[in-house]
Amino acid sequence: MTKQDKLIARILRGQSDSNLKFDDIRKLLIQLGFIERIRGSHHVFVMPGSDILINLQRDGRLAKAYQVRQVRETITSRGLLDKEDA
């Protein structure tokens with residue numbers, strides 16, 4: 001199981017939302033096809049050709065818990081993962 005697979009599993013489980021590294025989530029979103037735009041402390045991720053928009057901010061080295069929940073909701077509701085990734 002790769003590091004990305006472990007991160008996806010942790011996000012989908014939802015048991016450690018307040019303990020996920022910001023940089024790991026950022027890399028995952030970029031690998032899923034999002035384009036990152038940075039405005040101050042806000043990292044805005046948009047999916048080309050769709051209306052998907054995710055806004056993330058750092059909380060030290062971690063991502064904010066409520067934003068991790070938003071990432072999980074977006075990934076699951078939009079079907080952004082292949083069947084073998086989930």
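Atoms considered below: every heavy atom in the structure, side chains included; atoms not considered: hydrogens, waters and symmetry mates. Since the structure is predicted, the reported quantities are computational estimates derived from the model, not experimental observations.
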Which pair of heavy atoms, one from D5 and one from M1, lies closest together, and at what distance? CB-CG, 3.5 Å

Within the structure provided, determine whether I75 and I8 are in side-chain contact (heavy-atom separation under 4.5 Å). no

Hydrophobic cluster membership, with links at side-chain heavy-atom distances under 4.5 Å among I/L/V/M/F/W/Y: are I30 and L32 in one? yes

R72 to I11 - nearest heavy-atom pair and separation: NH1-O, 2.7 Å

Interatomic distance, K3 atom NZ to D24 atom CG [nearest 0.5 angstrom]: 4.5 Å

Is there a continuous path of hydrophobic side-chain contacts, each under 4.5 Å between heavy atoms, that joins V68 to L12? yes

To the nearest 0.5 Å, atom CZ of F22 lies from atom CD of Q67 at 8.5 Å

Rounded to the nearest 0.5 Å, what separation is found between the CG atom of L29 and the CD atom of E36? 9.0 Å

Between CG of D17 and CD1 of I25, what distance do you get to the nearest 0.5 Å? 8.0 Å

Could you pull out every donor-acceptor pair under 3.5 Å between side chains of residues 47-62 and any protein atom, sequence neighbours left out?
unit_1	atom_1	unit_2	atom_2	d
S50	OG	M47	O	3.2
S50	OG	I52	N	3.4
D51	OD1	R78	NH1	3.0
D51	OD1	R78	NH2	3.2
N55	OD1	H42	ND1	3.3
N55	ND2	H42	ND1	3.1
Q57	NE2	H42	NE2	3.4
R58	NH2	D23	OD1	2.8

Close side-chain approach of K21 to L7, heavy-atom, < 4.5 Å: no

Might you work through the side chain to side chain contact (heavy atoms under 4.5 Å, CB included) test for L20 and V71, ending with a clear yes or no? CA-CA 12 Å; L20 292 172; V71 169; over 6 Å; no

Checking the side chain of R37 only, and the main-chain atoms of V44 only, is there a donor and an acceptor separated by less than 3.5 Å? no

Just how far is it from atom CD of Q31 to atom CD of Q4, taken to the nearest 0.5 Å? 4.0 Å

